[in-house]
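Accompanying notes for the structure given below.
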Amino acid sequence: MPEVLEVERYRELAEGVVGRPVAKVVVPDPHCLADPTTQAGLRRALVGVPFERARRHGKLLLLDQPGVSLGLRFGMTGGLLVDEELAIDRLIYAPAEIGEQWIRFRLYFADGGQLSLHDPRRFGRVQLDPDESRLGPDVLSLTEGDLRTALAVRAGPGPALKARLLDQSKLAGVGNLLADEILWRADLAPDRPCASLDRTEERRLHRVMQRTLAELTERGGSHMGDLMDERHPGGHCPRDGTELVRTVVGGRTTFWCPGHQR
DNA sequence: TAGATTGTTACCGT
DNA sequence: CACGGTAACAATCT
C-alpha cells in the first residue's frame with residue numbers, strides 16, 4: 001500500500017506527536033527492527049525526549065529528536081497509528097478491524113497517547129538513524145533537472161524506464177502502481193530504454209508525474225489511478241480501449257497499453 | 001485453491 | 001561497475 005503518497009499522509013499524521021516526550025517503547029515483534037537497531041537501543045535513544053520534527057524522504061518516514069532520528073519503513077502493508085487513528089486508505093486495504101496482533105512497534109507518550117506501526121505482512125522496518133544517503137531526490141519535490149539526472153545513463157541504452165523510476169537510489173518515492181499510472185498517462189512504454197527519451201519526452205514525463213502525484217493525492221492515494229480498475233488479465237485501456245499487456249519490468253508486474261504508450 | 005500482492009535486499013550472471 | 005533476473009522475506013486476499 002504505501003508509496004510516497006501514503007507515506008506523506010503518515011508524515012502529516014506523525015506531526016501530531018511533535019513536542020511530546022516518549023515515555024515507553026514497546027516492540028511486540030522484534031522482527032521489525034532493522035539491523036543494528038535493538039529494543040534496548042531504541043529505549044536508550046528515545047525515552048524522555050520529545051520529537052522535534054516529522055520528515056519524509058521517499059517512502060521513508062523520519063521522526064527526529066535532537067541528535068537521533070527514528071526511521072520507519074512500511075513495506076507492502078504497513079500503516080501508521082497515532083492515538084488510535086490509522087492513516088491508511090480503507091477503500092482498498094480494509095482489514096475488518098485494526099488487529100492488535102499486527103502492531104509490530106509502539107511508542108507511548110507521557111500524555112498517554114501512542115504511535116504504532118501496524119503491519120500484517122511484516123515487511124515494515126524500524127531503524128535508528130537510517131542511511132538516507134542511498135536515496136535519490138524525493139519525487140514530490142523533483143525538478144525537471146532532477147528527473148533528467150535520475151534518468152541519465154553512463155553508456156549504452158540504459159535500463160528500462162520503469163525500472164529506473166522504481167530505483168530508489170535514483171529517485172525516491174515511486175512504487176509499482178504509481179510507475180504504471182505515470183507512464184500510462186505520459187504515453188511512454190515501460191520498457192523504453194532510459195537513454196532513448198528525447199528532451200520533449202523527459203519534459204512531458206516530469207509534467208505528467210507531478211500532475212499525477214497531485215491528482216492522486218486529491219483522490220486518496222496510489223491505488224486511485226485511472227488504470228487501477230483494469231489492472232488484471234484482460235483489462236482494457238481506459239483511454240483507447242486497447243487490451244492492456246501484462247509483462248514484468250524491473251522485476252515487477254506491469255500493465256501497459258501498446259495502443260498509445262510508445 | 002492456486003496465484004497474486006502497493007517493498008527491499010542479496011546474489012548471480014552478463 | 002551497471003543492470004537484469006531471480007529468489008527470499010511473510011501474510012493475506014481474491
Side-chain angles (χ1 to χ4, degrees), chain A residues 1-10 28-35 56-61 71-80 87-99 101-104 117-127 130-132 134-136 139 150-184 190-196 212-213 216-217 219-225 227-229 231-235 246-255:
Chain A
M1 195 176 24
E3 297 188 34
V4 63
L5 304 184
E6 286 71 31
V7 181
E8 173 58 17
R9 194 180 329 172
Y10 301 161
D29 182 12
H31 183 263
C32 75
L33 302 181
D35 183 64
R56 181 190 54 73
H57 191 158
K59 303 170 193 172
L60 174 67
L61 177 64
L72 298 174
R73 296 179 190 275
F74 296 91
M76 301 276 266
T77 58
L80 191 73
I88 64 173
D89 192 344
R90 293 149 197 268
L91 288 176
I92 183 79
Y93 180 73
E97 297 167 30
I98 303 310
Q101 76 271 28
W102 291 324
I103 301 296
R104 309 298 179 187
L117 171 64
H118 176 272
D119 183 22
R121 200 169 146 187
R122 299 173 85 202
F123 281 176
R125 293 291 180 269
V126 176
Q127 190 172 34
D131 180 12
E132 289 178 68
R134 297 176 55 191
L135 293 174
V139 69
L151 297 181
V153 165
R154 249 169 216 290
L161 178 55
K162 178 177 172 180
R164 181 57 69 94
L165 294 183
L166 293 174
D167 183 341
Q168 303 297 300
S169 72
K170 297 293 194 296
L171 171 66
V174 175
N176 198 36
L177 295 181
L178 284 177
D180 278 5
E181 179 76 13
I182 289 166
L183 293 173
W184 177 79
D191 58 356
R192 275 280 294 278
C194 284
S196 73
T212 303
L213 293 168
L216 295 202
T217 296
R219 292 190 198 171
S222 309
H223 41 42
M224 300 301 285
L227 214 47
M228 202 58 197
D229 288 347
R231 269 184 83 81
H232 58 79
R246 180 192 192 279
T247 57
V248 173
V249 180
R252 309 303 305 274
T253 297
T254 299
F255 287 92

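Proteins come first, then strands; the chains are lettered A, B, ... in the order of their sequence lines, and each starts at number 1. Worth saying up front: this structure is predicted, and the values here are computed from it rather than measured. All heavy atoms count here, side chains included; hydrogens, waters and symmetry mates do not.
- Taking only side-chain atoms of A:Asn176, from C-beta outward, the nucleotide of C:dC3, B:dG7, B:dT8 with the closest atom is B:dG7.
- For A:Leu33 and C:dC9, the CG to P distance is 19 Å, given to the nearest whole Å.
- Each of B:dT9, C:dC9, C:dT12 was ranked by its minimum atom distance to the side chain of A:His31; first place goes to C:dC9.
- Considering only side-chain atoms of A:Arg246, the nucleotide from B:dA4, B:dG7, C:dA11 that sits closest is B:dA4.
- Rounding to whole angstrom units, NZ of residue A:Lys162 and C1' of C:dG5 are separated by 15 Å.
- For the pair A:Arg125 and B:dG7, the criterion of a side-chain N or O lying under 4.0 Å from OP1 or OP2 is not met.
- Within the 4.0 Å cut-off from OP1 or OP2 of B:dT5, at least one side-chain nitrogen or oxygen of A:Thr253 is found.
- The same atom, P, is picked in B:dG3 and in C:dA7; the two are 14 Å apart, to the nearest Å.
- Which of C:dT12, C:dG4, B:dT8 sits closest to the side chain of A:Lys59 comes down to B:dT8.
- No engagement by A:Ala155 is indicated, since no non-hydrogen atom pair under 4.0 Å with the nucleic acid exists.
- In this structure, A:Trp102 does not reach the C:dA11 phosphate: none of its side-chain N or O atoms is under 4.0 Å from OP1 or OP2.
- One can place CG of A:Leu61 at 16 Å from C1' of B:dG7, the figure rounded to the nearest angstrom.
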Reading DNA chain B 5' to 3', what string of ( ), [ ], | and . shows its pairs, if Watson-Crick and G-U wobble pairs count only when both distances fall under 3.5 Å?
-> .||||.||||||||
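- If you check B:dT9, C:dC3, C:dG4 against the side chain of A:Arg164, the one that comes closest is C:dC3.
- Distances were taken from every side-chain heavy atom of A:Ala160 (C-beta onward) to each of B:dT8, C:dA11, C:dG4; the shortest belongs to C:dG4.
- Within 4.0 Å (heavy atoms only), A:Arg252 reaches at least one base atom of the nucleic acid.
- Taking a centre distance below 5.5 Å and an interplanar angle below 30 degrees as the stacking criterion, A:Phe74 does not stack against the six-membered base ring of B:dG7.
- The aromatic ring of A:Phe123 is not stacked on the base of B:dT8, since the criterion of ring centres less than 5.5 Å apart with planes inclined by under 30° is not met.
- Atoms CG and CE, from A:Leu177 and A:Met224 in turn, are 12.0 Å apart once rounded to the nearest 0.5 Å.
- The distance between atom OH of A:Tyr10 and atom P of B:dG7, rounded to the nearest whole Å, is 11 Å.
- Atom CE of A:Met76 and atom C1' of C:dA8 are 13 Å apart (whole Å).
- Heavy-atom nearest nucleotides on DNA chain C were determined for A:Gln101 and for A:Ala152, and the one closer to the 5' end corresponds to A:Ala152.
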